[in-house]
Novice: 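Mind looking over this structure? Questions follow.
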Number of protein chains: 2
Amino acid sequence: MKSGLVTIKDIARELNISASTVSRALKNHPDISEETKRAVNELAQKLNYQPNAVALSLKQRRSHTIGVIIPEIVHYFFSSVISGIEDVAYDAGFNVIICQSNERYEREVANARTLLASRVDGVLVSVSKHTEDFQHLHNLQDNNIPLVFYDRIVPGLEADQVIIDDLDASYRATRHLIETGRKRIVHFAGPQKLLIGRQRKDGYVKALEEAGLEVDPSLIIEADSFEKARLAVMRLLNEKKKFDGVFATNDLTAIGAMQTIQKRGFKIPDEIAVVGFSDGRFSGITDPTLTSVDQHGYEMGTVATEMLLRRITSENSDYPYETRVLNADLIVRGSSVFL
Amino acid sequence: MKSGLVTIKDIARELNISASTVSRALKNHPDISEETKRAVNELAQKLNYQPNAVALSLKQRRSHTIGVIIPEIVHYFFSSVISGIEDVAYDAGFNVIICQSNERYEREVANARTLLASRVDGVLVSVSKHTEDFQHLHNLQDNNIPLVFYDRIVPGLEADQVIIDDLDASYRATRHLIETGRKRIVHFAGPQKLLIGRQRKDGYVKALEEAGLEVDPSLIIEADSFEKARLAVMRLLNEKKKFDGVFATNDLTAIGAMQTIQKRGFKIPDEIAVVGFSDGRFSGITDPTLTSVDQHGYEMGTVATEMLLRRITSENSDYPYETRVLNADLIVRGSSVFL
DNA sequence: CTGAAAGCGCTAACAC
DNA sequence: GTGTTAGCGCTTTCAG
């Protein structure tokens, strides 16, 4: 005797009318008399009737649910994205099923299967770092489930996409250092086999070149973690390399650099300025606070969801795929200028 | 022409057999001949048949989906909890719908309604800070949807619960400071109207008393944020209060304290030791690294989900409600001892 | 203005 | 071994 949940039939029986009348009354259908409507709505209220979304989904072949495939929720950026997704989806009357791939390909494939089985109306996806085969995503598309990629896109796949303009953001971050008088700027770069790593480096190079500054390869170091930054800074200082600025590919790297620089007796930002990228969580609690790029995860979530809902709800959804490029903002704090 | 998704009927038609035979063949029913099974499974594979979970839910009045109401996903602790929930749920063949209340009561009520409409089989809930009326949760229970509370529990409600032993964790954190020789320990406490705030203070007091140390009320200060800690430390130092240890109700508060202590020229841990509580994200990147309590969010998620699934899948689910109390571990790092 | 009937995709008694 | 039928809860023609 599970589900004591009241159905439309219960209301019909009680009122001695048909289920279809109840259904119509509840949706305020013009054909139904005011009186019947009132009676139905009153009873529904009293019995605490909740429409069964499952039955609706089956009937309408539309679940009003969107799926989200996300690498790892624990990252501030991704959890912000989720907030953006949820807000837009709920406002439009859609539910959200979130699936973490945990950066694992097999899990991502399982996620796609789950979402397909749940008959979600569309999927937002950011692929795992190890995804190289895209059959599971094609599979969704083959079944007429629209996809929107956010942040981690898949070059080959035909779909809507939302990304951050990494190159431009890096360019602006680096230019900020240049404009505040820095001449020899170290770049701690991400893996160059990842698009994101290359773009951030390219933005850095572009800013230097535009300003007529030398691009010294020995100042570009592949280091994208707290620990790697510490080691790299120590090496630079031991080698008596001169530098007055650091632009790091993420905040943790920037913080590792900051700490080591300070430990070795240099003042930030007086002698060396430091700028990070994204993450968002840490920038306020360092000393000095960290100048960094805000990736606007929330906005990315809202934009991606709007694009998806548009495709889901459009009569004709075969308009061309679109790529939205969001701007990231440089947030200037104490690690690059005196506040 | 939405849903090109293949159904059991498509397979039946193609093979000139009935839908029920297909259904049985797919679930490897003993009555069905090997030959038929093979043919069905082959075609299912070829057509990439995916069972329609929506139809199943309707039929079985069981969605194999659990709902999660969570205050804010952006906190490391809560996102860890989600990972734990997902892992256990997926292993058991359950989907997860996550709803953020964003610490707002109205949103939480809406979440409960959504989950009810989706006919989830059970709900994991951590109430928002502002929830004082519990009708929406009773409503779920009235509809035979089992609830398990995690972390933020509701004293009055009859339901399973999973919590952290905050008192014990604080006690151990404080005792650690005492055992490493601290005699005058400041406590930056959380709001005393919250259970969590009181318990953490009580653990601190208990450790002091047990060690025969004076409990000086002027060393117990309500401060639970980065900024409040900064101000409080400045005040203490300006008043020339002597103290050699700090136990803060959360990590951000501890970090605010650390920074200010260091700025005023005191060495950590030499002159003053600092211990935080939870959060988990920041403890590794401070200088020195922060001794703190690990709240084991992932474990909390797994335990809560196991309790919920047990209630969902039990024949007889009216066994007594249970409260599980998890231990939190003190992680000793550089802010309290020399490593 | 309201009711009867069919059907969304699937399963499970009940036939044969 | 397999098919027929009914039904999960709801909407929606089509009748009246």
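Residue numbers begin at 1 in each chain, while the letters A, B, ... track the order of the sequences.
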Novice: Which one, D:dC8, D:dC10, C:dC1, comes nearest to the side chain of A:Thr7?
Specialist: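 For the A:Thr7 side chain, the nearest candidate turns out to be D:dC10.
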Novice: In whole angstrom, give the distance that lies between atom NE2 of B:His64 and atom P of C:dT11.
Specialist: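 Going from B:His64 (NE2) to C:dT11 (P), I get 11 Å.
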Novice: Would you check if the side chain of B:Thr305 reaches a backbone N or O of B:Ala89 as a donor-acceptor pair within less than 3.5 Å?
Specialist: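 Between the backbone of B:Ala89 and the side chain of B:Thr305 there is no qualifying donor-acceptor contact (under 3.5 Å).
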Novice: Is it true that a side-chain atom of B:Asn102 and a backbone atom of B:Arg104 form a donor plus acceptor pair closer than 3.5 Å?
Specialist: no
Novice: For DNA chain D, determine which residues of residues 47-59 of chain A have any heavy atom closer than 4.0 angstrom to one of its atoms, and list them numerically.
Specialist: A:Tyr49, A:Pro51, A:Asn52, A:Ala55, A:Leu56, A:Lys59
Novice: Within a reach of under 6.0 Å around CD of B:Glu158, are more than 12 heavy atoms found that belong to other residues, nucleotides or ligands?
Specialist: no
Novice: Are A:Arg107 and B:Asp87 within salt-bridge range, i.e. N to O under 4.0 Å?
Specialist: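 Salt bridge present between A:Arg107 and B:Asp87.
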Novice: Got a salt bridge between B:Arg38 and B:Glu42, using NZ or NE/NH1/NH2 to carboxylate O under 4.0 Å?
Specialist: yes
Novice: Given D:dG3, D:dC10, C:dG9, which nucleotide is nearest the side-chain atoms of B:Ile17?
Specialist: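 The nucleotide sitting nearest to the side chain is D:dG3.
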Novice: Report the distance from atom NZ of B:Lys37 to atom P of D:dG1, rounded to the nearest whole Å.
Specialist: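 Atom-to-atom, B:Lys37 to D:dG1, this comes out as 9 Å.
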Novice: Is there a side-chain polar atom (N or O) of A:Thr21 under 4.0 Å from OP1 or OP2 of C:dG3?
Specialist: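 So the side-chain polar atoms of A:Thr21 do come within 4.0 Å of the phosphate oxygens OP1 or OP2 of C:dG3, strictly under.
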Novice: If you take any heavy atom closer than 4.0 Å to DNA chain D, which residues from residues 23-32 of chain B end up in contact?
Specialist: B:Arg24, B:Asp31, B:Ile32
Novice: Can you tell me how far P of C:dG9 sits from CG of A:Asn143, to the nearest Å?
Specialist: 13 Å
Novice: Go nucleotide by nucleotide along DNA chain D from the 5' end; which of B:Asn16 and A:Lys9 gets its closest nucleotide reached first?
Specialist: B:Asn16
Novice: Any salt bridge linking A:Arg311 with A:Asp160? Criterion: basic side-chain nitrogen under 4.0 Å from a carboxylate oxygen.
Specialist: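 Judged by the 4.0 Å cut-off on N to carboxylate O distance, A:Arg311 and A:Asp160 do form a salt bridge.
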Novice: Any base atoms under 4.0 Å from B:Ser20, or only sugar-phosphate, or nothing? Heavy atoms, all strands.
Specialist: base
Novice: Quick check on A:Arg152: does its CZ atom have over 12 non-hydrogen neighbours (other residues, nucleotides or ligands) under 6.0 Å away?
Specialist: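 Result for CZ/A:Arg152: enclosed.
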Novice: Would you please name every residue forming a salt bridge (charged side-chain N to carboxylate O under 4.0 Å, His left out) with B:Glu35, sequence neighbours left out?
Specialist: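 Partners of B:Glu35 under the salt bridge (charged side-chain N to carboxylate O under 4.0 Å, His left out) test: none.
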Novice: On the nucleotide C:dT2, are OP1 or OP2 found under 4.0 Å from the side-chain N or O atoms that A:Thr36 carries?
Specialist: yes
Novice: A:Gln60 CD to C:dG7 C1': how many Å, rounded?
Specialist: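 Result: 13 Å.
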Novice: Given atom CD1 of A:Ile11 and atom P of D:dT11, what is their separation to the nearest angstrom?
Specialist: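 Distance check: A:Ile11 CD1 to D:dT11 P gives 11 Å.
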Novice: Roughly, in whole Å, what's the span from CZ in B:Arg13 to P in C:dG9?
Specialist: 10 Å
Novice: Count the heavy atoms of every other residue, nucleotide or ligand shown that sit under 6.0 Å from CD of B:Glu103, and state whether that count exceeds 12.
Specialist: yes
Novice: Are OP1 or OP2 of C:dG9 and a side-chain N or O of A:Arg61 less than 4.0 angstrom apart?
Specialist: yes
Novice: How many Å lie between CZ on B:Arg62 and P on C:dA12, as a whole number?
Specialist: 14 Å
Novice: May I have the distance from B:Ile8 (atom CD1) to D:dT2 (atom C1'), rounded to whole angstrom?
Specialist: 14 Å
Novice: How are the rings of B:Phe94 and B:His64 set to each other: parallel, tilted or perpendicular (split at 30° and 60°)?
Specialist: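 Tilted: the ring planes of B:Phe94 and B:His64 meet at 30° to 60°.
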